[in-house]
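Every chain is numbered from 1, with letters handed out A, B, ... down the list of sequences. Source: prediction; values computed, not measured.
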Amino acid sequence: MSFQSKLILWYSDKKRDLPWRTTNNPYTIWLSEIILQQTQIKQGLPYYEEFVANYPTVFDLAEASETSVLKLWQGLGYYSRARNLHTTAKHIAYELNGKFPDNYKDLLKLKGVGDYTASAIASIAFNEPAAVVDGNVYRVLSRYFGIDTPINTSAGIKEFKTLASSLILKDQPATYNQALMEFGALQCKPKNPNCEACPLNTNCAALQHQRIGELPVKLKKTKITTKYFNFIVGIDQQQQTFIEQRTHKGIWQNLYQFPLIESDKSLSSEEFHMLGLENSILEDMTFDYALYNEVDVIHKLSHQHLHTKFWIIETQTLPEGAIPIKSLKKYPVPALINDFITQFGF
DNA sequence: AATGCGGGGCA
DNA sequence: TGCCCAGCATT
């Protein structure tokens, strides 16, 4: 049996009973699709019911004030959806005389309607064979066909849209599209899917290669975080210094560094002095200190920007484990530390 | 190609 | 905590 036939069979047995599945009204189907963008059905369902009750037709929605619409949307998030919803309702009611656009190309022109939503409405309300590609579809297709092209790249978007379009059942696009999405939501779940009970498990590439947990591939958008590092450079009368090894996971694991105090902002000398050396191995020492670099040294990693100050501590004796400054070069240190050692003249 | 936009559920 | 959810608009 084909991939599509198995899906349809599964859907006829397992599909949830949802209000927008018992109508061909493009207005309510559109409403449901906007509400369900990036929103789980459990969360969106009560909003759908309220919107249909308060605005039974596109004219009712068009005649409402934006404030009323936003109030009804309150708590659902992504509020541009509500504003675009209202804008589009007015457009359809007053400029299109209430006639809902009835094909993918025209639907795509509506504010708040992108490729997915245009395909969904065109197929579900008007039986146009336009393939939907949402988060569920990416997951099902990437696993079943073993595709590891990242889904959040232009190449991935194009590849999955093409594949989905080649698979759609042209004689029943509405049922097929919804079956595919429902399958992703209920059976081919993001985490811990029950593949033993899956009707597609005999031909699923990801299952056969044990790659369920890896697919779909999604590139992480590494957000850059800023951190403030204060390295304590101790110098005693025997020309020794003190370093420690980074043992915890994260950057620079197992490399050596001067004792580090992280702060939530760049510290002035006064602030540094107030802070003292708490939580540092050097915290009980008496010392004089000097700031080496007035301007933060900014060290850029792929996902972190480290704003760094080096504080020079001159003291009589250092704790057990201090090492001769001359032996510093034997220890692996981050480039940031190595640059300091070189420039400081150690 | 990247980023902002929300809030809830889940492991 | 991080990831995901019937994505879209903007730059």
By side-chain hydrogen bond (donor to acceptor under 3.5 Å, both in side chains) - contacts of T57(A) (at least two apart): D60(A)
Validation row, ring centre F100(A) to ring centre Y27(A) under 6.0 Å: no
Lys/Arg-Asp/Glu bridge criterion (N-O < 4.0 Å) met for R83(A), E66(A): no
Residues from residues 9-22 of chain A lying under 4.0 Å of DNA chain B - heavy atoms: none
Check: Y48(A) ring centroid to W20(A) ring centroid under 6.0 Å: yes
Co-members of the apolar cluster containing Y78(A) [side chain, <4.5 Å]: none
Touch class at under 4.0 angstrom, heavy-atom based, for T117(A) against every strand present: sugar-phosphate
Gap in Å between the two P atoms, one belonging to dA6(C) and one to dG4(B), rounded: 24 Å
Value in whole Å for how far the C1' atom of dC5(C) lies from CD1 of I35(A): 15 Å
Y11(A) ring center near Y176(A) ring center (under 6.0 Å): no
Sugar-phosphate, base or nothing in reach of D115(A), heavy atoms under 4.0 Å: sugar-phosphate
For atom CD of Q178(A) and atom C1' of dA6(C), their distance in whole Å: 9 Å
Distance-only polar pair, side chains of D236(A) and T317(A), donor-acceptor under 3.5 Å: no
Spacing between I121(A) atom CD1 and dG7(C) atom P, to the nearest angstrom: 13 Å
5' precedence on DNA chain C between E182(A) and K111(A) (nearest-nucleotide basis): E182(A)
dG9(B) and dC8(C), which share atom name P, separated by this distance in whole Å: 24 Å
Rounded distance in Å - CD1 (I41(A)) to C1' (dC4(C)): 14 Å
Which residue lies more 5' along DNA chain C, comparing V113(A) with K218(A) via nearest heavy atoms: K218(A)
Salt-bridge criterion met for R143(A) and E214(A) (N-O under 4.0 Å): no
Per-nucleotide protein contact string for nucleotides 5-11 of chain B (B base, S sugar-phosphate only, - none; heavy atom under 4.0 Å): BBBS-SS
Length of the CG-C1' vector between L85(A) and dG7(C), whole Å: 14 Å
Pairwise ring-ring contact (aromatic ring centres under 6.0 Å, His included) hits with a residue in residues 312-333 of chain A, at least two apart: Y256(A)-Y331(A)
Aromatic contact, F183(A) with W10(A) (centres under 6.0 Å): yes
Those residues of residues 131-152 of chain A lying under 4.0 Å from DNA chain C by at least one heavy atom: D134(A), G135(A), N136(A), R139(A)
Side chains of S65(A) and S68(A), donor plus acceptor under 3.5 Å: yes
Interatomic distance, F183(A) CZ vs dC5(C) C1' [rounded to whole Å]: 18 Å
Distance, rounded to the nearest Å, where L219(A) contributes CG and dC3(C) contributes P: 12 Å
Gap separating the CZ atom of F310(A) from the CZ atom of F258(A), nearest 0.5 angstrom: 7.5 Å
Rounded distance (Å) that lies between atom P of dT10(C) and atom CZ of R83(A): 10 Å
Interatomic distance at C1', dC4(C) relative to dG6(B), whole Å: 13 Å
